Q: 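For reference, the structure I am asking about is given below.
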Amino acid sequence: MRRFAKKDFPVSEIRRFLEPGPIVLVSSAWKERTNIMTMGWHTVMEFAPSLIGCMISGSNHSFDLIRKSRECVINVPTVDLAPTVVDIGNCSGSDVDKFAKFCLTPAPAAKVKAPLIAECFAGFECRLADARLVERYNFFVFEVVKAHVAPAPRYPKTIHYRGDGLFMLSGRTTARWRKRFKPHML
Ligand SMILES: Cc1cc2nc3c(=O)[nH]c(=O)nc-3n(C[C@H](O)[C@H](O)[C@H](O)COP(=O)(O)O)c2cc1C
């Protein structure tokens, strides 16, 4: 088996190896305003209840809308939306209406006021479950209270961020190692 000779690496850059995926679009609403932000820094925290932790910078317009409403929708886009996903992450909802600017369709959610994005293949309605880390780390813990997923494609091509403006696209799905897999361990 190959061994890797490693070199010193800046700790501030290691995120590019651990960056979770896929990139998601977080939609939010407060009073009459809606917004969308691009997000890469999220993690699964628990299955039941379904908890997702994520970092939303305090300088983002979404931060205010989500902190006030205590809700959002995590939408999962596919590769065809990649340019839009990047552009949404490069402007602020305090200046533009991102649904209008990017021709995205807000669709009503069942349990939260934030809209789903109709052009995304999945949308997870979230309520803030724990705000204790928001002040210190801008880290929100959400509970997914309702999930909407398109039945096809079964394994959609998602977009993953590698840092430094580089992206990776999800590849083929394989059952090659399934026999080694112990479901009770995961
Ligand atoms: C690929 C990508 C991933 C991003 N991930 C995050 C993230 O996880 N958390 C965050 O606070 N900002 C992230 N951003 C930056 C926000 O999307 C960006 O600041 C956005 O414009 C905020 O919009 P808003 O001010 O309308 O809320 C990311 C941007 C890109 C392009």
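Numbering of ligands and ligand atoms starts at 1, following listing order. Just so you know, these numbers come straight off a predicted model, no measurement behind them. Quick note: numbers below take in every heavy atom, side chains included, and nothing from hydrogens, waters or symmetry partners.
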Q: For atom 7 (C) of ligand 1, grab the closest protein heavy atom and report residue, atom and distance to one decimal in Å.
A: W41 CE3, 3.1 Å

Q: What is the nearest protein non-hydrogen atom to atom 18 (C) of ligand 1, stated with its residue, atom name and distance?
A: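 Its nearest protein heavy-atom neighbour is G89 O, 3.2 Å.
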
Q: Has F63 got any heavy atom lying under 4.0 angstrom from an atom of ligand 1?
A: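 No, F63 has no heavy atom closer than 4.0 Å to ligand 1.
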
Q: Is the closest side-chain heavy-atom distance between T38 and L25 below 4.5 Å?
A: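 In short, these two side chains touch, coming nearer than 4.5 Å.
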
Q: Please list, in number order, the atoms of ligand 1 under 4.0 Å from a heavy atom of K98.
A: 21 (O), 23 (O), 24 (P), 26 (O)

Q: Looking at side-chain heavy atoms only, is the closest gap between V26 and I66 below 4.5 Å?
A: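 When only atoms from C-beta onward are counted, I66 and V26 do touch, with a gap below 4.5 Å.
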
Q: For ligand 1, which atoms have a heavy atom of H61 less than 4.0 angstrom away?
A: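 In order of numbering, the contacting atoms are 24 (P), 25 (O), 26 (O), 27 (O).
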
Q: Using a 4.0 Å cut-off to any heavy atom of N35, which atoms of ligand 1 qualify?
A: 24 (P), 26 (O), 27 (O)

Q: For ligand 1, which atoms sit closer than 4.0 Å to a heavy atom of I56?
A: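 Here the atoms of ligand 1 in question are 11 (O).
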
Q: Evaluate the side-chain proximity of M55 to N138: yes if any heavy-atom separation is below 4.5 Å, no if none is.
A: yes

Q: If you have a sec, work out which protein heavy atom is nearest atom 9 (N) of ligand 1 and how many Å separate them, to one decimal?
A: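 Checked against all protein heavy atoms, atom 9 (N) of ligand 1 sits closest to M55 O, 2.9 Å.
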
Q: Please list, in number order, the atoms of ligand 1 under 4.0 Å from a heavy atom of F167.
A: 1 (C)

Q: So which heavy atom in the protein is nearest atom 21 (O) of ligand 1, and how far is it from that ligand atom?
A: C91 O, 2.5 Å

Q: Can you list the ligand 1 atoms lying under 4.0 Å from a non-hydrogen atom of S57?
A: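 Ligand 1 atoms under the 4.0 Å threshold to S57: 10 (C), 11 (O).
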
Q: When clusters are formed by joining ILVMFWY residues with side-chain heavy atoms under 4.5 Å apart, either directly or through shared neighbours, do L65 and V73 land in the same one?
A: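 No; V73 is not reachable from L65 via cluster members.
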
Q: Looking only at protein heavy atoms, which one is nearest to atom 19 (O) of ligand 1, and how far off is it?
A: N60 OD1, 3.2 Å

Q: For residues N35 and S62, is any side-chain donor paired with an opposing acceptor at under 3.5 Å?
A: yes

Q: Just need the protein heavy atom nearest to atom 26 (O) of ligand 1, so name the residue and atom and give the distance.
A: G93 N, 2.6 Å

Q: Side-chain contact, heavy-atom cut-off 4.5 Å: I52 with F140?
A: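 The answer is no, as the side chains (C-beta and beyond) never meet within the 4.5 Å cut-off.
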
Q: Which ligand 1 atoms, with their elements, are less than 4.0 angstrom from a heavy-atom of S62?
A: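 Matching atoms, with element in brackets: 24 (P), 27 (O).
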
Q: Is any side-chain heavy atom of E125 closer than 4.5 Å to one of H148?
A: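 In short, these two side chains touch, coming nearer than 4.5 Å.
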
Q: Quick one, R127 and K111 - any side-chain contact, counting heavy atoms below 4.5 Å?
A: yes

Q: Can you check whether F142 reaches V144 side chain to side chain, under 4.5 Å on heavy atoms?
A: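 Heavy-atom side-chain distance check fails, nothing below 4.5 Å.
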
Q: Among all protein heavy atoms, pick the one closest to atom 5 (N) of ligand 1 and tell me residue, atom and distance.
A: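 Looking at atom 5 (N) of ligand 1, the protein heavy atom closest to it is G40 N, 3.0 Å.
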
Q: If you take the nearest heavy atom of each of L65, T38, V86, which one is closest to atom 13 (C) of ligand 1?
A: T38

Q: Around atom 10 (C) of ligand 1, find the nearest protein heavy atom and jot down its residue, atom name and distance.
A: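 The answer is M37 CE, 3.3 Å.
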
